[in-house]
Amino acid sequence: MFDILLEILSHSWIRNSLLACGILLLIRKYAGNFIQQVFFAKIYNAALGTYHQTCYTLKKQHLESMKNHKSADPELKKKGGLRILEIGPGPGYNFEFYPPNSELTVVEVNPFFEEQFFKKQVDHRHIKMERFVVGFAEDMKSVPDNSVDIVVSTMVLCSVRSVEGALKEIHRILVPGGKYYYWEHIREFTYFWILFVQHLLSYTIYDMMFGCQLNRKSDEIIKANKAGFSNIDQQLFRTPQKGGLHAICIFHSAHVKGIATK
Ligand SMILES: C[S@@+](CC[C@H](N)C(=O)[O-])C[C@H]1O[C@@H](n2cnc3c(N)ncnc32)[C@H](O)[C@@H]1O
(Lines give C-alpha, C1' and ligand atoms only; values in the text may rest on other atoms or scores of the structure.)
Protein backbone atom coordinates (compact mmCIF):
# COMPACT_ATOMS: atom_id res chain seq x y z
CA MET A 1 0.00 0.00 0.00
CA PHE A 2 2.76 2.39 1.05
CA ASP A 3 4.74 1.42 -2.10
CA ILE A 4 1.76 2.25 -4.31
CA LEU A 5 1.45 5.65 -2.62
CA LEU A 6 5.16 6.37 -3.15
CA GLU A 7 4.82 5.32 -6.80
CA ILE A 8 1.90 7.73 -7.30
CA LEU A 9 3.76 10.57 -5.59
CA SER A 10 6.86 9.98 -7.71
CA HIS A 11 5.05 11.73 -10.61
CA SER A 12 5.79 15.41 -10.33
CA TRP A 13 2.48 16.48 -11.94
CA ILE A 14 0.53 14.58 -9.26
CA ARG A 15 2.67 16.12 -6.47
CA ASN A 16 2.19 19.61 -7.94
CA SER A 17 -1.57 19.13 -8.36
CA LEU A 18 -1.93 17.94 -4.77
CA LEU A 19 0.16 20.88 -3.58
CA ALA A 20 -2.01 23.33 -5.58
CA CYS A 21 -5.20 21.79 -4.14
CA GLY A 22 -3.75 22.02 -0.62
CA ILE A 23 -2.85 25.68 -1.09
CA LEU A 24 -6.33 26.45 -2.51
CA LEU A 25 -8.00 24.73 0.45
CA LEU A 26 -5.85 26.67 2.91
CA ILE A 27 -6.69 29.96 1.16
CA ARG A 28 -10.39 28.99 1.24
CA LYS A 29 -10.17 28.14 4.95
CA TYR A 30 -8.24 31.17 6.20
CA ALA A 31 -9.00 33.94 3.66
CA GLY A 32 -12.02 32.57 1.74
CA ASN A 33 -14.54 34.75 3.48
CA PHE A 34 -12.50 37.92 2.94
CA ILE A 35 -11.87 37.15 -0.76
CA GLN A 36 -15.51 36.26 -1.33
CA GLN A 37 -16.72 39.48 0.31
CA VAL A 38 -14.34 41.70 -1.68
CA PHE A 39 -15.20 39.85 -4.90
CA PHE A 40 -18.91 40.15 -4.24
CA ALA A 41 -18.84 43.83 -3.36
CA LYS A 42 -16.53 44.98 -6.16
CA ILE A 43 -17.30 42.68 -9.09
CA TYR A 44 -20.65 41.03 -8.59
CA ASN A 45 -22.11 44.48 -8.03
CA ALA A 46 -22.22 44.96 -11.83
CA ALA A 47 -24.36 41.83 -12.21
CA LEU A 48 -26.66 43.05 -9.43
CA GLY A 49 -27.13 46.33 -11.34
CA THR A 50 -28.27 44.50 -14.49
CA TYR A 51 -30.57 42.30 -12.42
CA HIS A 52 -32.06 45.35 -10.74
CA GLN A 53 -32.78 47.04 -14.11
CA THR A 54 -34.37 43.90 -15.54
CA CYS A 55 -36.64 43.45 -12.53
CA TYR A 56 -37.27 47.12 -11.81
CA THR A 57 -40.98 47.31 -12.73
CA LEU A 58 -41.90 44.02 -11.06
CA LYS A 59 -40.02 44.93 -7.90
CA LYS A 60 -41.58 48.39 -7.77
CA GLN A 61 -45.07 46.86 -8.02
CA HIS A 62 -44.26 44.41 -5.24
CA LEU A 63 -43.00 47.04 -2.81
CA GLU A 64 -45.58 49.67 -3.75
CA SER A 65 -48.18 48.76 -1.09
CA MET A 66 -45.66 49.79 1.58
CA LYS A 67 -46.78 53.39 0.96
CA ASN A 68 -50.24 52.56 2.39
CA HIS A 69 -48.81 51.15 5.63
CA LYS A 70 -49.06 53.38 8.72
CA SER A 71 -46.15 53.60 11.12
CA ALA A 72 -46.64 52.51 14.74
CA ASP A 73 -44.60 55.58 15.73
CA PRO A 74 -47.01 58.59 16.00
CA GLU A 75 -44.34 61.10 14.89
CA LEU A 76 -43.41 59.09 11.79
CA LYS A 77 -47.06 58.41 11.06
CA LYS A 78 -47.76 62.17 10.96
CA LYS A 79 -44.99 62.60 8.33
CA GLY A 80 -46.12 59.55 6.30
CA GLY A 81 -42.80 57.81 6.94
CA LEU A 82 -42.00 54.30 8.16
CA ARG A 83 -39.31 52.72 10.31
CA ILE A 84 -37.73 50.28 7.85
CA LEU A 85 -35.02 47.68 8.34
CA GLU A 86 -33.45 46.11 5.28
CA ILE A 87 -31.33 43.01 5.58
CA GLY A 88 -28.47 42.49 3.10
CA PRO A 89 -29.00 45.72 1.11
CA GLY A 90 -25.71 45.31 -0.81
CA PRO A 91 -25.03 48.57 -2.68
CA GLY A 92 -28.53 49.90 -1.88
CA TYR A 93 -30.72 49.34 -4.94
CA ASN A 94 -33.94 49.45 -2.90
CA PHE A 95 -33.64 53.02 -1.56
CA GLU A 96 -35.87 54.42 -4.26
CA PHE A 97 -38.80 52.18 -3.30
CA TYR A 98 -39.12 53.55 0.25
CA PRO A 99 -41.70 56.23 1.17
CA PRO A 100 -40.34 59.75 1.85
CA ASN A 101 -39.49 60.59 5.49
CA SER A 102 -38.82 56.95 6.34
CA GLU A 103 -36.02 56.00 8.70
CA LEU A 104 -33.80 53.22 7.48
CA THR A 105 -31.54 50.80 9.36
CA VAL A 106 -29.66 48.12 7.45
CA VAL A 107 -28.02 44.90 8.63
CA GLU A 108 -25.40 43.83 6.12
CA VAL A 109 -22.82 41.12 6.65
CA ASN A 110 -20.37 42.41 4.02
CA PRO A 111 -18.56 45.59 5.20
CA PHE A 112 -17.16 46.16 1.69
CA PHE A 113 -20.64 47.30 0.57
CA GLU A 114 -20.72 50.17 3.05
CA GLU A 115 -18.89 52.72 0.88
CA GLN A 116 -21.07 52.02 -2.21
CA PHE A 117 -24.18 52.08 -0.06
CA PHE A 118 -23.48 55.55 1.36
CA LYS A 119 -22.54 56.86 -2.11
CA LYS A 120 -25.96 55.77 -3.38
CA GLN A 121 -27.69 57.24 -0.35
CA VAL A 122 -26.66 60.75 -1.45
CA ASP A 123 -29.21 60.50 -4.30
CA HIS A 124 -32.00 59.47 -1.93
CA ARG A 125 -32.24 62.20 0.63
CA HIS A 126 -35.95 61.53 1.13
CA ILE A 127 -34.85 58.68 3.42
CA LYS A 128 -33.19 59.28 6.77
CA MET A 129 -30.35 56.85 7.31
CA GLU A 130 -30.37 55.62 10.92
CA ARG A 131 -27.69 52.90 11.12
CA PHE A 132 -25.56 50.64 8.94
CA VAL A 133 -25.03 47.57 11.13
CA VAL A 134 -22.38 45.09 10.00
CA GLY A 135 -23.88 41.80 11.16
CA PHE A 136 -26.03 38.79 10.47
CA ALA A 137 -29.79 38.80 9.84
CA GLU A 138 -29.92 35.69 12.02
CA ASP A 139 -28.63 37.67 15.00
CA MET A 140 -29.83 41.29 15.10
CA LYS A 141 -29.41 41.72 18.84
CA SER A 142 -28.75 45.47 18.53
CA VAL A 143 -32.29 45.94 17.17
CA PRO A 144 -34.97 45.97 19.93
CA ASP A 145 -38.08 43.75 19.93
CA ASN A 146 -41.24 45.23 18.34
CA SER A 147 -39.42 48.27 16.99
CA VAL A 148 -39.66 48.20 13.17
CA ASP A 149 -42.68 48.79 10.88
CA ILE A 150 -41.27 47.09 7.80
CA VAL A 151 -38.49 44.58 7.11
CA VAL A 152 -37.26 44.10 3.53
CA SER A 153 -35.05 41.45 1.97
CA THR A 154 -34.34 41.05 -1.73
CA MET A 155 -32.12 38.13 -2.82
CA VAL A 156 -30.71 37.58 0.66
CA LEU A 157 -32.23 34.38 2.07
CA CYS A 158 -30.19 32.34 -0.46
CA SER A 159 -27.05 33.41 1.41
CA VAL A 160 -27.98 33.47 5.11
CA ARG A 161 -26.69 30.65 7.28
CA SER A 162 -30.15 29.85 8.59
CA VAL A 163 -33.38 30.99 6.93
CA GLU A 164 -35.39 29.91 10.00
CA GLY A 165 -33.04 31.93 12.24
CA ALA A 166 -33.40 35.05 10.06
CA LEU A 167 -37.22 34.72 9.98
CA LYS A 168 -37.35 34.37 13.74
CA GLU A 169 -35.32 37.56 14.13
CA ILE A 170 -37.44 39.43 11.56
CA HIS A 171 -40.59 38.43 13.44
CA ARG A 172 -39.05 39.52 16.76
CA ILE A 173 -38.13 43.04 15.64
CA LEU A 174 -41.38 43.80 13.78
CA VAL A 175 -44.10 45.73 15.62
CA PRO A 176 -47.42 43.83 15.86
CA GLY A 177 -49.06 44.31 12.44
CA GLY A 178 -45.64 45.08 10.90
CA LYS A 179 -44.81 43.59 7.52
CA TYR A 180 -41.93 41.62 6.06
CA TYR A 181 -41.56 42.17 2.28
CA TYR A 182 -39.45 39.55 0.55
CA TRP A 183 -38.27 38.88 -2.98
CA GLU A 184 -36.01 35.87 -3.25
CA HIS A 185 -34.65 33.49 -5.85
CA ILE A 186 -35.43 29.88 -4.98
CA ARG A 187 -35.04 26.27 -5.99
CA GLU A 188 -36.34 25.56 -9.56
CA PHE A 189 -40.00 24.53 -9.48
CA THR A 190 -40.61 23.25 -13.04
CA TYR A 191 -37.61 21.97 -15.00
CA PHE A 192 -35.66 19.03 -13.68
CA TRP A 193 -32.50 19.81 -15.70
CA ILE A 194 -32.31 23.31 -14.19
CA LEU A 195 -32.75 21.87 -10.72
CA PHE A 196 -29.97 19.38 -11.46
CA VAL A 197 -27.57 22.19 -12.47
CA GLN A 198 -28.66 24.20 -9.43
CA HIS A 199 -27.70 21.30 -7.16
CA LEU A 200 -24.35 20.91 -8.92
CA LEU A 201 -23.51 24.62 -8.71
CA SER A 202 -24.81 25.09 -5.18
CA TYR A 203 -22.54 22.50 -3.65
CA THR A 204 -19.48 23.63 -5.62
CA ILE A 205 -18.41 26.83 -7.32
CA TYR A 206 -21.50 29.00 -6.70
CA ASP A 207 -21.36 28.67 -2.97
CA MET A 208 -17.59 29.15 -2.97
CA MET A 209 -17.67 32.30 -5.16
CA PHE A 210 -20.90 33.97 -4.09
CA GLY A 211 -21.80 32.28 -0.80
CA CYS A 212 -25.19 31.56 -2.40
CA GLN A 213 -27.37 28.43 -2.47
CA LEU A 214 -29.25 28.31 -5.78
CA ASN A 215 -31.37 25.35 -4.68
CA ARG A 216 -32.74 26.83 -1.47
CA LYS A 217 -36.45 26.29 -0.71
CA SER A 218 -36.97 29.67 0.98
CA ASP A 219 -40.62 29.73 -0.14
CA GLU A 220 -41.37 26.47 1.66
CA ILE A 221 -39.44 27.50 4.76
CA ILE A 222 -41.37 30.79 4.97
CA LYS A 223 -44.70 28.99 4.40
CA ALA A 224 -43.88 26.49 7.18
CA ASN A 225 -44.12 29.60 9.38
CA LYS A 226 -42.10 28.48 12.38
CA ALA A 227 -41.59 32.16 13.21
CA GLY A 228 -45.34 32.62 13.83
CA PHE A 229 -46.50 35.30 11.36
CA SER A 230 -50.26 35.94 11.46
CA ASN A 231 -50.54 35.97 7.66
CA ILE A 232 -48.31 35.03 4.73
CA ASP A 233 -49.25 36.03 1.21
CA GLN A 234 -46.74 34.80 -1.38
CA GLN A 235 -46.47 34.03 -5.09
CA LEU A 236 -43.97 32.07 -7.15
CA PHE A 237 -42.84 33.74 -10.39
CA ARG A 238 -39.98 33.94 -12.89
CA THR A 239 -37.80 36.94 -13.57
CA PRO A 240 -37.73 38.15 -17.19
CA GLN A 241 -34.96 36.40 -19.12
CA LYS A 242 -33.08 38.95 -21.20
CA GLY A 243 -29.73 39.06 -22.97
CA GLY A 244 -26.30 39.85 -21.55
CA LEU A 245 -25.66 38.54 -18.07
CA HIS A 246 -29.23 37.31 -17.90
CA ALA A 247 -28.56 34.63 -20.47
CA ILE A 248 -27.00 32.61 -17.65
CA CYS A 249 -29.65 33.52 -15.16
CA ILE A 250 -32.08 30.79 -16.13
CA PHE A 251 -30.50 29.05 -13.12
CA HIS A 252 -31.94 31.62 -10.77
CA SER A 253 -35.06 32.68 -12.59
CA ALA A 254 -37.37 30.84 -10.18
CA HIS A 255 -38.43 33.38 -7.55
CA VAL A 256 -40.83 33.97 -4.70
CA LYS A 257 -42.21 37.33 -3.58
CA GLY A 258 -44.45 37.89 -0.65
CA ILE A 259 -45.56 39.83 2.40
CA ALA A 260 -45.62 38.22 5.85
CA THR A 261 -47.54 40.09 8.54
CA LYS A 262 -46.70 39.82 12.26
C1 LIG B 1 -27.33 38.92 -3.88
S2 LIG B 1 -26.94 40.20 -2.77
C3 LIG B 1 -28.42 41.17 -2.86
C4 LIG B 1 -28.20 42.62 -2.52
C5 LIG B 1 -29.47 43.49 -2.50
N6 LIG B 1 -30.41 43.03 -1.51
C7 LIG B 1 -30.12 43.53 -3.87
O8 LIG B 1 -31.22 43.01 -4.04
O9 LIG B 1 -29.49 44.11 -4.77
C10 LIG B 1 -27.04 39.42 -1.16
C11 LIG B 1 -26.71 40.37 -0.03
O12 LIG B 1 -27.01 39.74 1.23
C13 LIG B 1 -25.92 39.96 2.12
N14 LIG B 1 -25.95 38.88 3.13
C15 LIG B 1 -25.61 37.59 2.96
N16 LIG B 1 -25.79 36.90 4.10
C17 LIG B 1 -26.27 37.76 5.01
C18 LIG B 1 -26.66 37.64 6.39
N19 LIG B 1 -26.58 36.49 7.02
N20 LIG B 1 -27.11 38.74 7.01
C21 LIG B 1 -27.19 39.94 6.37
N22 LIG B 1 -26.83 40.11 5.08
C23 LIG B 1 -26.38 39.04 4.40
C24 LIG B 1 -24.72 39.93 1.19
O25 LIG B 1 -23.58 40.49 1.77
C26 LIG B 1 -25.25 40.73 0.02
O27 LIG B 1 -25.14 42.10 0.22
Side-chain angles (χ1 to χ4, degrees), residues 32-60 62-63 66 84-98 104-121 124 127 131-143 148 150-170 172-173 180-186 198 201-202 206-216 218 221 239 245-246 248-249 251-258:
N33 205 26
F34 174 78
I35 294 170
Q36 190 187 68
Q37 286 191 331
V38 173
F39 173 80
F40 206 81
K42 306 286 177 207
I43 300 167
Y44 189 62
N45 191 9
L48 275 181
T50 329
Y51 173 88
H52 180 70
Q53 278 168 11
T54 310
C55 298
Y56 182 83
T57 313
L58 280 175
K59 220 174 175 190
K60 190 166 187 263
H62 173 52
L63 298 174
M66 204 184 289
I84 302 173
L85 183 137
E86 181 171 347
I87 57 173
Y93 284 114
N94 293 331
F95 268 128
E96 59 194 291
F97 302 126
Y98 299 146
L104 178 67
T105 293
V106 302
V107 176
E108 167 59 65
V109 84
N110 186 344
F112 297 102
F113 272 125
E114 193 164 353
E115 195 187 327
Q116 298 168 32
F117 181 86
F118 280 105
K119 257 191 202 155
K120 208 176 256 310
Q121 199 228 335
H124 299 279
I127 306 296
R131 280 193 299 159
F132 187 108
V133 180
V134 177
F136 291 92
E138 302 90 315
D139 180 12
M140 300 192 274
K141 55 180 166 300
S142 65
V143 185
V148 174
I150 302 284
V151 174
V152 176
S153 79
T154 60
M155 304 247 290
V156 179
L157 296 183
C158 53
S159 312
V160 300
R161 290 174 181 173
S162 158
V163 178
E164 279 99 347
L167 293 172
K168 222 170 136 194
E169 276 293 84
I170 290 166
R172 177 184 69 76
I173 63 173
Y180 167 42
Y181 282 74
Y182 54 95
W183 166 291
E184 299 289 341
H185 73 80
I186 51 168
Q198 281 186 339
L201 292 174
S202 294
Y206 221 78
D207 186 30
M208 240 156 95
M209 284 174 71
F210 307 121
C212 164
Q213 295 286 308
L214 281 172
N215 56 356
R216 204 161 253 187
S218 301
I221 302 174
T239 48
L245 277 168
H246 284 270
I248 59 162
C249 284
F251 301 116
H252 56 83
S253 75
H255 274 58
V256 63
K257 61 181 172 178

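Along the sequence shown, residues are numbered consecutively beginning with 1. Heavy-atom basis, side chains included; hydrogens, waters and symmetry copies ignored. For ligands, and for the atoms within them, numbers begin at 1 and follow the listed sequence.
Between the Thr154 side chain and the Trp183 main chain, no donor and acceptor come within less than 3.5 Å of each other.
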What does the N/O contact table under 3.5 Å look like for ligand 1?
{"unit_1": "ligand 1", "atom_1": "6 (N)", "unit_2": "Gly88", "atom_2": "O", "d": "2.7"}
{"unit_1": "ligand 1", "atom_1": "6 (N)", "unit_2": "Thr154", "atom_2": "O", "d": "2.8"}
{"unit_1": "ligand 1", "atom_1": "6 (N)", "unit_2": "Thr154", "atom_2": "OG1", "d": "3.2"}
{"unit_1": "ligand 1", "atom_1": "8 (O)", "unit_2": "Thr154", "atom_2": "O", "d": "3.2"}
{"unit_1": "ligand 1", "atom_1": "8 (O)", "unit_2": "Thr154", "atom_2": "OG1", "d": "2.6"}
{"unit_1": "ligand 1", "atom_1": "19 (N)", "unit_2": "Glu138", "atom_2": "OE1", "d": "2.9"}
{"unit_1": "ligand 1", "atom_1": "20 (N)", "unit_2": "Ala137", "atom_2": "N", "d": "2.9"}
{"unit_1": "ligand 1", "atom_1": "25 (O)", "unit_2": "Glu108", "atom_2": "OE2", "d": "2.4"}
{"unit_1": "ligand 1", "atom_1": "27 (O)", "unit_2": "Glu108", "atom_2": "OE1", "d": "2.7"}
{"unit_1": "ligand 1", "atom_1": "27 (O)", "unit_2": "Glu108", "atom_2": "OE2", "d": "3.2"}

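Phe136 pairs by the ring pair (Phe, Tyr, Trp, His ring centres under 6.0 Å) definition with nothing, not counting sequence neighbours.
At a threshold of 4.5 Å between non-hydrogen side-chain atoms, the residues His255 and Met155 count as touching. The closest side-chain heavy-atom distance from Tyr98 to Ile150 is not below 4.5 Å.
Counting all heavy atoms, side chain and backbone alike, Val134 lies closest to Val109 at CG1-O, 3.9 Å.
Ring centroids of Phe97 and Tyr56 are separated by less than 6.0 Å, placing the two rings close together.
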